[in-house]
Amino acid sequence: MASSLIADIKQRVIGIVREQFNLELDDFSSEIPPRTELGDLAFPVAFELAKRLKAATGEKKNPRELAAKLAAGLSHIPGVAKVEIAGAGYLNIFFDRTQMFSQLVNQFSTTGHRPPTTDKIIVEHTSINPNKAAHIGHVRNSVLGDTVVRILKATGDNVETHNYIDNTGVQVADVVVGFMHLENKSLADIQALAEREVTSRADSFDYYCWDLYARVGQWYEEDKTRLAIRAQTLHEIEAGNNATSEIGEFISSKIVDCHLDTMARLDISYELLARESEILHLHFWAHAFEKLKASGVIVFETEGRNKGCWVMRAEERVGDGESGRAGEESEHDADKIIVRSNGTVTYTGKDIAYHLWKLGKLGLDFYYHPLRKDHRGNDVWITTGDDAAASANRPPFGNGTAFLNVIDVGQSYPQANVKKAVMLLAATEEEKSKVSRSAHLAYEKVTLSADAAKELGVESDGAVSMSGRKGLGVKADDLIDRLEANALKEVQARHTDISEEEQKNIAHKIAVAALRYFLLKYTRTSIIAFDFKEAMSFDGETGPYIQYSAVRANNIFRKLGRPPNDVQGDLASATAEQINGFFAGESGNDLWSLVYFAARLEDVARLSADAFEPTHVAKYAFQLAKQFNLFYHHHHILSETDDTRKMLLLLVADVARRTLEQSLALLGIETPERM
RNA sequence: GCGCCCGUAGCUCAGUUGGAUAGAGCGUUUGACUACGAAUCAAAAGGUCGCACGUUCGAGUCGUGCCGGGCGCACCA
């Protein structure tokens, strides 16, 4: 919230340096001092200045003396209470606590905004192969994507959320093979299986397919010639309009339903499900091919290893130049084949076509119809290749200015090629700069700790990769069930006076908090070794811990008998001297550090949005919760006898409470009324 | 061979564009509840930030070279 103030101070410093030292300073860094006593903002600018002066005049200057000269010129800035020199030459700024606090009390959105824009960023996440139940690794993708969407929206972006459905891929084919060749089931049999009433999670259709998929993998292992059946099945699914593709269509649609149900439990939804079958049948590739050829992004090789292929060439060709051994090709070639010599297109080619559509550059569109309502009551749309089934009044999907793809880090190479091709096709510099915001939001996988693997029946020394092929993994619904059951036990032990329905509702929110925070507390590039004990914990650095501190804050107001927004109006009854006194001294420093930390949500949200890294918000929320708990223990508000002090303590609690709830909301975590 | 990621406390991990005394959770030890509900808090112990040079007033952060681990580099998706 202090960003304009920071910019103001920087301009002043640059002016002083220009006047007194005849030097033109560029932008310089600011930081937050390690302790509240040192101020709210620090500029190490005197160190830089000393270096510049030495370079200009050859004379060595003491940074501390330089800082003093700068400080002298920084008096009387509105919002700044004090400027000090500290350490070896830090210029430390103390904000006007009374003014900032008053602003914060009356400010309701603290996440900040970008300037209004018509730009639209299309975020694709989840994109699970629709052939079996979702596991914890898939959930990492969905939670990351969903949280990035929340943070981007909160900081002012227009976002459209897609979930890509690879309904014509090998993984679907494998389950089709399982039903047709291992179980000799007809479409009607499979439909009966999928739609029967089940009482146990283990009997649900996506769990059934989970096991079947593993059995098919085993079946191929026993006799490799059976892989020919897979190839044939895949071919029929891709072609469409046959008995096999109908089975594939049914299975994948049913599993997509299961996935949507699973994700809804974590408060995750989508605006559009884009299916691969449409990309195939509506001939997206043929259009993209013409554009790529016409623009020279891909070229036809008439000689060499890639003879007969259309390739996208790497910028720097291996073996070029005089010093290199020209003609002798390296073992690996950086050029990417887009169309094979037999005329078929590679996955990267299809993905380029899809991404040209995302940016409105393909000249073709899907047909759409609403698939179902999500848990919030909004329509979830899905693509269709059948214009007769299309809905006329659909939202304006696609035509984004940039895309963001949440896909595991293993896909970095093809993703880089997709972005490269799309950038090469951008027409203007302006468009290029907008498209360049596109990114592959790469994240590392979730593996199983040795303990978790053991619990699932696999002995190992260290972490073990999950494997759908082997049927090894922690299913999302199982984990959520366990979290909810554990949370319910805790809630029941604490709250016997509320209905079972309400208890379950609270337990659900706690379970979601635990799981989402567990997946967000790690940076994207860190491999998560999944451990049941850690993931199921409600203590320490966990979602429920943060919820608990927000609930504590709420409890103060409930006990008080007044809602927070009522208390906010009381601030006017305090004089500036009273508020100054409140924030003075050692105790005042502690109170101020909580308030000042709460004021930083906007900066953190922005940092998180720019880096597409939700963990910054997660870590911030936890630190804020910790600080609030500290405050909670130091100050027993309701027994405070000084009315003004009590009122100000309530307002501090309210600022923390609001910021905690907003931070949690950015993480997709709700704050229960009680817990 | 080339490219990317990781290496920080016993374990799991944070650490803005280089900044002040390297942090947190778990675990261990020891304390604090007839309550704004202890799903909490306080305290202690625990570090050659993989190694070595270099750049800098200043390096966990930047550069180079090693060591160790993971993943890519298909006319697979």
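Just so you know, these numbers use all the heavy atoms, side chains as well, and skip hydrogens, waters and symmetry mates. Here is how names work: the chains are called A, B, and so on, in the same order as the sequence lines, proteins then strands, and each is numbered from 1.
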Judged by each residue's nearest nucleotide on RNA chain B, which is more toward the 5′ side, A:Ile337 or A:Ser465?
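The answer here is A:Ser465.
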
List in chain and number order the residues that pass salt bridge (Lys or Arg N to Asp or Glu O under 4.0 Å) with [X], two or more places apart in sequence or in another chain; answer none if no residue qualifies.
X: A:Asp461; result: none
X: A:Lys521; result: none
X: A:Asp610; result: A:Arg114
X: A:Glu613; result: none

What's the [atom1]-[atom2] distance between [X] and [N], to the nearest Å?
X: A:Gln411; N: B:G72; atom1: CD; atom2: P; value: 10 Å
X: A:Asp531; N: B:G27; atom1: CG; atom2: C1'; value: 13 Å
X: A:Ile352; N: B:A77; atom1: CD1; atom2: C1'; value: 14 Å
X: A:Gln415; N: B:C73; atom1: CD; atom2: C1'; value: 16 Å
X: A:Lys533; N: B:G25; atom1: NZ; atom2: P; value: 15 Å
X: A:Tyr517; N: B:C26; atom1: OH; atom2: P; value: 12 Å
X: A:Leu49; N: B:G58; atom1: CG; atom2: C1'; value: 16 Å
X: A:Asn555; N: B:C33; atom1: CG; atom2: P; value: 21 Å

Under the criterion salt bridge (Lys or Arg N to Asp or Glu O under 4.0 Å), I'd like the reasoning laid out for A:Asp335 against A:Arg305: C-alpha separation, chi angles, the key distance, then a yes or no.
CA-CA 11 Å; A:Asp335 294 354; A:Arg305 169 167 42 191; over 6 Å; no

What's the gap between [N] and [M] when it is taken at their [atom1] atoms, as a whole Å value?
N: B:U8; M: B:A24; atom1: C1'; value: 12 Å
N: B:A32; M: B:U17; atom1: C1'; value: 43 Å
N: B:A59; M: B:G18; atom1: P; value: 13 Å
N: B:U21; M: B:G60; atom1: C1'; value: 15 Å
N: B:C13; M: B:C2; atom1: P; value: 29 Å
N: B:G25; M: B:C6; atom1: P; value: 24 Å
N: B:C66; M: B:G47; atom1: C1'; value: 23 Å
N: B:U48; M: B:G23; atom1: P; value: 15 Å

Counting just side-chain N and O atoms, does A:Arg340 come under 4.0 Å of either OP1 or OP2 of B:A77?
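The answer is yes; a side-chain N or O of A:Arg340 sits under 4.0 Å from OP1 or OP2.
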
Scan for side-chain hydrogen bond (donor to acceptor under 3.5 Å, both in side chains) pairs involving residues 541-558 of chain A, sequence neighbours excluded, and state none if there are none.
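Every pair satisfying side-chain hydrogen bond (donor to acceptor under 3.5 Å, both in side chains) with a residue in residues 541-558 of chain A: A:Tyr517-A:Glu541, A:Glu541-A:Lys619, A:Tyr545-A:Asn629, A:Arg552-A:Asn629, A:Asn554-A:Glu661, A:Asn555-A:Arg558.
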
Could you name each residue pair satisfying side-chain hydrogen bond (donor to acceptor under 3.5 Å, both in side chains) that touches residues 40-67 of chain A, not counting sequence neighbours?
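side-chain hydrogen bond (donor to acceptor under 3.5 Å, both in side chains) check on residues 40-67 of chain A returns A:Asp40-A:Trp592.
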
Regarding [X], tell me which of base, sugar-phosphate or nothing describes its non-hydrogen contacts under 4.0 Å with the strands shown.
X: A:Pro63; result: nothing
X: A:Lys60; result: nothing
X: A:Thr344; result: nothing

In 5'-to-3' order, the base (B), backbone-only (S) or no-contact (-) status of each nucleotide in nucleotides 39-46 of chain B, using a 4.0 angstrom heavy-atom cut-off, is BBSS----

The contact string for nucleotides 11-21 of chain B, one letter per nucleotide 5' to 3', using protein heavy atoms under 4.0 Å with B, S and - for base, sugar-phosphate only and none, comes out as -SSSSBB-BBB

Partner set under ring-ring contact (aromatic ring centres under 6.0 Å, His included) for A:Tyr220, not counting sequence neighbours
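Once residues adjacent in sequence are excluded, A:Tyr220 has no partner under the ring-ring contact (aromatic ring centres under 6.0 Å, His included) criterion.
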
Please work out which of the three classes, parallel, tilted or perpendicular, describes the rings of A:Phe631 and A:His635, given edges at 30° and 60°.
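Ring orientation, 0 to 90° scale: tilted.
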
Identify, with sequence neighbours excluded, every residue that meets side-chain hydrogen bond (donor to acceptor under 3.5 Å, both in side chains) alongside A:Ser449.
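Testing A:Ser449 for side-chain hydrogen bond (donor to acceptor under 3.5 Å, both in side chains), a comparison that skips the adjacent residues, returns A:Asp531.
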
Suppose we screen for side-chain hydrogen bond (donor to acceptor under 3.5 Å, both in side chains). Which residues come up paired with A:Asp643, at least two apart in sequence or across chains?
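A:Asp643: no side-chain hydrogen bond (donor to acceptor under 3.5 Å, both in side chains) contacts found.
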
Selection from B:A77, B:C36, B:G72 that lies nearest to any side-chain heavy atom of A:Lys559:
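Looking only at heavy atoms from C-beta outward on A:Lys559, the closest nucleotide is B:C36.
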
A:Glu276, nearest nucleotide to its side chain (from B:A77, B:C36, B:C75):
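Among the listed nucleotides, the one closest to the side chain of A:Glu276 is B:A77.
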
When you check the side-chain N and O atoms of A:Gln232 and A:Glu236, is any donor under 3.5 Å from an acceptor?
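Short answer, yes.
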
N/O donor-acceptor pair, side chain A:Thr346 with base B:C75, under 3.5 angstrom
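Not at all, since no donor on one side and acceptor on the other fall under 3.5 Å apart.
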
Minimum heavy-atom distance between A:Lys420 and A:Ala314, given as atom pair plus value:
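Looking at all heavy atoms of both residues, the closest pair is NZ-CA, 3.8 Å.
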
For RNA chain B, the dot-bracket pattern of Watson-Crick and G-U pairs whose distances stay under 3.5 Å, | for other-strand partners:
(((((.(..((((.....[...)))).(((((.......))))).....(((((..]....)))))).)))))....

